[in-house]
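Reviewing the structure listed below.
In the text below, chain A, chain B and the rest are named by the order of the sequence lines, each starting its count at 1.
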There are 2 protein chains.
Amino acid sequence: MADVAKRAGVTKQTVSNVVRGRSVVSPDTRARVEAAIAELGYTPNLVARSLATGTTMTVGFIVPTIVHPFYSEVVEEVETLLEEHSYHLLLATTRGDGERARRHLASLSSRSVDALLVAGDFDLSDGVPLLDDHGLPVVLCAWEIDPPDTLPVVTVDYEQAGYLAGRHLRELGHRRLTVIADLPAHRIRVSGARRAFAEDGLDVPADSVFPAPRATPESGYEAAMLALSATGHPTAVFASTDAIALGVIEAVRRHGLRVPEDVSVVGIDDIPQASHAHPPLTTVALPKRQMAQEATGLLLRGIAESRPVPPSLTLITPEILVRESSAPPIG
Amino acid sequence: MADVAKRAGVTKQTVSNVVRGRSVVSPDTRARVEAAIAELGYTPNLVARSLATGTTMTVGFIVPTIVHPFYSEVVEEVETLLEEHSYHLLLATTRGDGERARRHLASLSSRSVDALLVAGDFDLSDGVPLLDDHGLPVVLCAWEIDPPDTLPVVTVDYEQAGYLAGRHLRELGHRRLTVIADLPAHRIRVSGARRAFAEDGLDVPADSVFPAPRATPESGYEAAMLALSATGHPTAVFASTDAIALGVIEAVRRHGLRVPEDVSVVGIDDIPQASHAHPPLTTVALPKRQMAQEATGLLLRGIAESRPVPPSLTLITPEILVRESSAPPIG
DNA sequence: ATGAAAGCGCTAACAT
DNA sequence: ATGTTAGCGCTTTCAT
């Protein structure tokens, strides 16, 4: 930079003004400086700028994984929004490892990012206190269980998601519900579905709720096989995720039953496969992009006001997509 | 830092040594310094460190998208490997936008990262010259078309992937091949498949190659519907990606034909859906994690030696997974 | 084993 | 509109 200044016959300060597009430079000198920059192939050192300004134009995003359509879409949307505001994305995945999550937290908050977005809870819920007061704007998102009231959180109304699934099944006329869920992670979704039935005075007993150890088709298949043997023939199955639902459909078919004629299946998420399943899966779509937008908005506002974002709870309402895996019960 | 030093009765230098775990500090003073750090809640400013050392412990990764199992797995693997070496990941997606790709390139190379990994080619192939000499270690990966010989590139042997698919079909006894491919992007895969047939003196004529405008099930479905009408009944279809293959299976079924009895279908990629398809899809698995490892290894070596990585071409050999969508032709 | 000084490349505040 | 003077918080010599 000093070289550029000397070559253009000005001071570093003027070069700085030119580089940052400040309008205090006379067209004449601006041209000279730009020429010098081009001739010398000068590129500003962003690290030095960061040290001087105290801002890195970078936002950290801690996320459980990106190998899942839900999170990858959220991350991609966040990245796009950030880039529109000239911010970079520092991505850190936790992969179900609480230790790793905490390491990331520590390293990202050492002034290397201007703000922090944290998605998913399971690995970090006990780490929330760590977030509380290192003076960095922090926003939580996709926080399904126990959103803390000490921080801003933007998340999906997961209870409502379960409720919408349950109500849809109720409206079709189903009076009994079998639940296959990744518990305890998705307990909120289950209580939503329960509420839909309870509204009509119908109970979903504990023995018709079957845990799927993981939210995968395999796991859903196993759990559904168990459920089908145990409960006779359920007419309606609520799966806490689409991945589980796909496994459920398998299991139903393996039992010689048809979807949706014999058994209706409803999931949550709206992963890409859902619409290509056989039959296309009725599901409650999680509003990922909208959530990403709200969260990023809060974060950017926090940065602009250069103080922690005040606590708040934003619940984004999901939407049910009725496809072909659900129908009225027979008889 | 000065505060910590004063409180511990030492100089900044000693504090620095303690923080970085250098072994030149006497246990006594180390304890005093650590106490001071704890009491003051001191956290080192990484930006300042970066300015002083000229290193940011951050690697930039430019990738077309992460909303695709292939890329998301590559990114996640890279992130994991980087974190093992205490490096951070700055993620930038191009989303099929060459302009955006070039912007990322420019901003990431302004000393804010220690090295750059670039995946995918379609948006950036004409931007490669930009990468050539800003003195940053750069590695290209997942570079399917025309890998430049001026840079190190770690990629899949896509020709071999096509060849494996073709040879598998040949070994089953198929003598004619219908190809549904996202062209021209996947032309290398197609020529691999062609080679397999050519080895046995069999030709894959141009009129049995059908372009799918995008690598999606919908696009594959459309193209396959066309192909099925045009070619009578092909016995074997090679799809250039699994997503396309899933659409092909749909189309075959829509035509009242069975997979694999009437028509064998083989894809490339091994996306998660492939094994859950009906029937489970025979496919050539792209070695994402291995590719990520090689690429990250080169990059880290480049950083360690603090000079550009010399040009090289590393081709990772894919592997075919024979499942149930392929069988010998009838008669 | 510890201290003192210089400087990484930039921006900020003031002066001209 | 441009120049001058201080830092930003750390690491790196080089002394001691």
Side-chain angles (χ1 to χ4, degrees), chain A residues 1-37 40-58 86 88 107 109-114 134-136 303 306, chain B residues 1-37 40-58 86 88 107 109-114 134-136 303 306:
Chain A
M1 183 165 183
D3 297 347
V4 173
K6 188 180 298 175
R7 201 166 198 334
V10 296
T11 59
K12 291 195 299 177
Q13 172 59 348
T14 304
V15 177
S16 172
N17 287 336
V18 170
V19 167
R20 292 184 301 163
R22 283 181 155 231
S23 47
V24 291
V25 193
S26 78
D28 179 40
T29 52
R30 148 159 285 126
R32 280 210 322 283
V33 170
E34 277 167 351
I37 288 177
L40 268 44
Y42 163 79
T43 312
N45 182 325
L46 267 18
V47 174
R49 177 181 295 175
S50 288
L51 182 58
T53 60
T55 168
T56 61
M57 299 305 283
T58 300
S86 309
H88 286 142
S107 71
S109 46
S110 296
R111 305 249 158 258
S112 39
V113 295
D114 291 346
H134 43 51
L136 211 59
I303 296 176
S306 65
Chain B
M1 184 164 182
D3 296 347
V4 172
K6 188 180 296 175
R7 202 168 198 333
V10 296
T11 58
K12 292 194 300 177
Q13 170 56 4
T14 304
V15 176
S16 172
N17 286 336
V18 170
V19 166
R20 292 183 302 165
R22 282 179 156 236
S23 48
V24 290
V25 193
S26 78
D28 179 37
T29 53
R30 147 160 285 126
R32 279 211 320 283
V33 171
E34 276 167 351
I37 288 177
L40 268 45
Y42 163 79
T43 312
N45 181 324
L46 267 19
V47 174
R49 176 181 294 176
S50 288
L51 182 59
T53 60
T55 169
T56 61
M57 299 307 282
T58 299
S86 309
H88 287 143
S107 71
S109 47
S110 296
R111 307 250 159 256
S112 40
V113 296
D114 290 346
H134 42 53
L136 210 59
I303 296 175
S306 65

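- Within the 4.0 angstrom heavy-atom criterion, only backbone atoms of the sugar-phosphate kind lie near B:V25; the bases stay farther away.
- The distance from atom CG of B:D114 to atom CG of B:L136, rounded to the nearest 0.5 Å, is 7.5 Å.
- Between the P atom of C:dC10 and the CE atom of A:M1 lies a distance of 5 Å, rounded to the nearest Å.
- Residue-to-nucleotide proximity on DNA chain C shows that, of B:A52 and B:P27, the 5′-proximal contact is made by B:P27.
- Residues A:V15 and A:V10 come closest through the heavy atom pair CG2-CG2, 4.0 Å.
- Per the geometry, CG belonging to A:N45 stands 17 Å off P belonging to D:dC10, to the nearest Å.
- Axis deviation across the helix from C:dA1-D:dT16 to C:dT16-D:dA1 amounts to 30°, comparing end segments of five pairs, rounded to 10 degrees.
- When rounded to the nearest whole Å, the span between CG of A:L46 and C1' of C:dT11 equals 13 Å.
- Listed candidates were D:dT11, C:dG9, D:dA1. Nearest to the side chain of A:S26 is D:dA1.
- No side-chain donor-acceptor contact under 3.5 Å links B:H88 and A:S112.
- When all heavy atoms of B:R32 and B:A8 are compared, the pair lying nearest together is NE-O, 3.0 Å.
- Formation of a donor-acceptor pair under 3.5 Å by the B:S50 side chain with backbone atoms of B:T55 is found in this model.
- Contacts between residues 11-23 of chain A and DNA chain D, defined by a heavy-atom separation below 4.0 Å, involve A:T11, A:Q13, A:T14, listed by number.
- Among the atoms of the strands shown, only primed sugar atoms or phosphate atoms (P, OP1, OP2) are found under 4.0 Å from some heavy atom of B:V10.
- Look at CG on B:L51: it is 12 Å from P on D:dG9, rounded to the nearest Å.
- When each of D:dG9, C:dG9, D:dT2 is scored by its nearest atom to the side-chain atoms of A:V24, the top-ranked nucleotide is D:dT2.
- Nucleic acid contact for B:S50: none, since no nucleic acid atom lies under 4.0 Å from a heavy atom of the residue.
- Inter-residue side-chain proximity for A:V47 and A:L51 is flagged as unmet; no heavy-atom pair is nearer than 4.5 Å.
- Out of D:dT12, C:dC8, C:dC10, the shortest distance to the side chain of A:P44 is found at C:dC10.
- The CZ-C1' distance, from B:R30 to C:dA1, rounds to 12 Å in whole Å.
- In this structure, A:S16 contributes its side chain and A:K12 its backbone to no donor-acceptor pair below 3.5 Å.
- Atom OG of B:S107 sits about 8.0 Å away from atom CG of A:L46, to the nearest 0.5 Å.
- If you take CG of B:D3 and P of D:dC8, they are 11 Å apart, rounded to a whole angstrom.
- In this structure, B:K6 places its NZ atom 13 Å from P of C:dA4, rounding to the nearest Å.
- The CZ atom of B:R49 sits 6.5 Å away from atom CZ of B:R20, with the distance rounded to the nearest 0.5 Å.
- Rounded to whole angstrom, the span from the CG atom of A:D28 across to the C1' atom of D:dT2 amounts to 12 Å.
- Atom OG1 of B:T58 sits about 9.5 Å away from atom CD1 of B:I303, to the nearest 0.5 Å.
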